[in-house]
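Report on one structure; see the data block that follows.
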Amino acid sequence: MRRKNDILWKGILDDVFDDLLKFIFPEANRIFDFRKKFEFLDKELNELNPQPDKRPDTRHVDKPVKVSRLDGGDEWILVHIEIQGQRDDMFPLRMFRYFYRIFDRYQKPVTALAIFTGPETGNIPSSFGYSILGTHLEYQYNIFRIMDHTQDELEKSDNLFAVVVLAAKEALLAGKIPEDELVKHKIGVAKLLLGKRTKNRRKIKAIL
């Protein structure tokens with residue numbers, strides 16, 4: 001089930017990545033140039049972080065994306081997205097490892113976002129660091145926990161990524177509430193999404 005959920009997250013982020021940026025960064029319209037296409041560098045990340053001990057069908061959602069800027073400075077930056085659904089004490093180290101490998105290869109600014117999708121991820125820290133003999137390192141990254149956002153807040157948002165988060169929260173109810181009640185929740189999310197007819201229909205179809 002975890003692998004299936006990872007694949008679903010991987011696919012939907014491609015469709016609503018601009019909505020994600022606007023949801024996470026309030027000043028996104030002043031920072032990013034949404035007129036230019038995003039370039040997803042999944043294959044490049046696999047080359048940067050080969051894991052030969054994993055089975056061929058093992059998948060994780062770690063996605064670096066090349067994004068153009070409006071606010072001066074470098075013409076483009078990299079946004080590193082990581083989806084984490086379970087508790088993992090090594091997660092902060094993995095985030096740092098991705099950062100320095102991405103930065104070393106592209107020599108461009110990197111901003112990172114960890115999206116925590118499960119109830120067991122509440123205590124995963126938002127930084128990696130150590131200090132020894134006068135050497136100090138602290139790497140901080142953005143975090144987004146779907147459990148931190150209420151249903152009312154998500155339903156009132158005009159952002160389509162909010163509907164993705166709402167659907168992900170509803171999925172966590174599977175097995176915890178009666179099936180007929182879960183169906184009502186799912187129908188509610190679908191109605192909410194279909195009510196946004198003014199939005200991009202391709203995105204709506206993808207989320208459904």
Side-chain angles (χ1 to χ4, degrees), residues 1-32 34 38 40 59-65 67 79-88 91 95 111-126 140-208:
M1 178 61 70
R2 181 186 176 189
R3 188 176 66 204
K4 179 181 179 182
N5 289 341
D6 286 349
I7 295 171
L8 289 173
W9 271 106
K10 187 180 184 71
I12 198 60
L13 287 183
D14 287 357
D15 291 297
V16 299
F17 188 73
D18 56 337
D19 301 285
L20 165 64
L21 292 178
K22 294 173 184 177
F23 195 92
I24 300 298
F25 302 106
E27 300 297 318
N29 284 323
R30 298 181 182 179
I31 300 172
F32 306 111
F34 291 106
F38 305 119
F40 298 96
R59 303 191 183 191
H60 296 284
V61 183
D62 31 41
K63 182 183 291 292
V65 188
V67 183
V79 180
H80 169 215
I81 305 293
E82 185 83 10
I83 306 295
Q84 185 69 21
Q86 298 180 349
R87 174 76 189 183
D88 181 0
F91 182 79
M95 288 294 290
T111 185
L113 169 65
I115 300 178
F116 297 136
T117 62
E120 300 175 359
T121 56
N123 295 322
I124 296 180
S126 60
Q140 292 185 321
Y141 46 89
N142 301 290
I143 61 171
F144 177 85
R145 293 187 176 94
I146 69 171
M147 301 303 294
D148 290 345
H149 297 266
T150 67
Q151 180 169 338
D152 183 63
E153 173 191 357
L154 295 170
E155 288 179 351
K156 289 180 178 179
S157 175
D158 290 329
N159 191 299
L160 283 179
F161 182 72
V163 183
V164 174
V165 175
L166 186 60
K169 290 189 67 175
E170 300 293 356
L172 294 176
L173 296 175
K176 298 179 180 179
I177 63 174
E179 184 64 27
D180 56 344
E181 186 176 345
L182 180 61
V183 170
K184 291 180 181 179
H185 280 270
K186 292 180 178 180
I187 291 175
V189 174
K191 287 182 177 179
L192 177 67
L193 182 59
L194 292 173
K196 300 180 183 297
R197 287 294 187 182
T198 58
K199 299 290 185 178
N200 186 301
R201 291 192 177 185
R202 177 187 59 80
K203 292 183 180 181
I204 291 177
K205 182 179 179 180
I207 297 172
L208 282 173

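From a predicted model like this one, the values you see are computed outputs, not experimental measurements. Sequence positions, counted from 1, serve as the residue numbers for this chain. Note that these values count all heavy atoms, side chains included, but never hydrogens, waters or copies made by symmetry.
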- Show the numbers, then the answer: is there a side chain to side chain contact (heavy atoms under 4.5 Å, CB included) between Phe38 and Asp18? CA-CA 9 Å; Phe38 305 119; Asp18 56 337; 3.8 Å; yes
- Query: Do Ile143 and Ile124 pass the side chain to side chain contact (heavy atoms under 4.5 Å, CB included) test, and can you show the C-alpha distance, the side-chain angles, and the key distance before you say yes or no?
  - Reply: CA-CA 10 Å; Ile143 61 171; Ile124 296 180; over 6 Å; no
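For the pair Asp15 (side chain) and Lys203 (backbone), a donor-acceptor distance under 3.5 Å is absent. Side-chain N or O atoms of Lys63 include none that pairs as donor or acceptor with a backbone N or O of Asp14 at under 3.5 Å. Distance alone, capped at 3.5 Å, is enough to place a donor-acceptor pair between the Arg87 side chain and the Asn123 backbone.
Smallest separation of non-hydrogen atoms from Trp9 and Ala168: CZ2-CB, 3.7 Å. Closest non-hydrogen pair, Lys169 versus Gln151, comes out as NZ-N, 4.3 Å. Arg202 approaches Asn200 most closely through the heavy-atom pair N-OD1, 2.8 Å.
Here the OG1-NZ distance, from Thr150 to Lys156, works out to 8.5 Å after rounding to the nearest 0.5 Å. Rounding to the nearest 0.5 Å gives a distance of 11.5 Å between CG of Asp19 and CD1 of Ile24. Between atom CE of residue Met95 and atom NE2 of residue His80 there is a gap of 5.0 Å, rounded to the nearest 0.5 Å. A distance of 8.0 Å separates CZ in Phe25 from CG in Leu20, rounded to the nearest 0.5 Å. Taken from CD1 in Ile115 to CD1 in Ile81, the straight-line distance is 5.5 Å, to the nearest 0.5 Å. Here the straight-line distance linking atom CZ of Phe161 with atom CD1 of Ile207 works out to 10.0 Å at 0.5 Å rounding.
Side-chain contact between Phe144 and Val165 is present, with heavy atoms from C-beta onward closer than 4.5 Å. The shortest side-chain heavy-atom distance between Leu154 and Leu192 does not fall under the 4.5 Å cut-off. For the pair Phe23 and Leu160, the minimum side-chain heavy-atom distance is 4.5 Å or more.
For Phe116 and Phe91, the distance between ring centers is under 6.0 angstrom.
Phe34 carries Lys22 over the face of its six-membered ring, with the cationic atom under 6.0 Å from the centre and within 45° of the normal.
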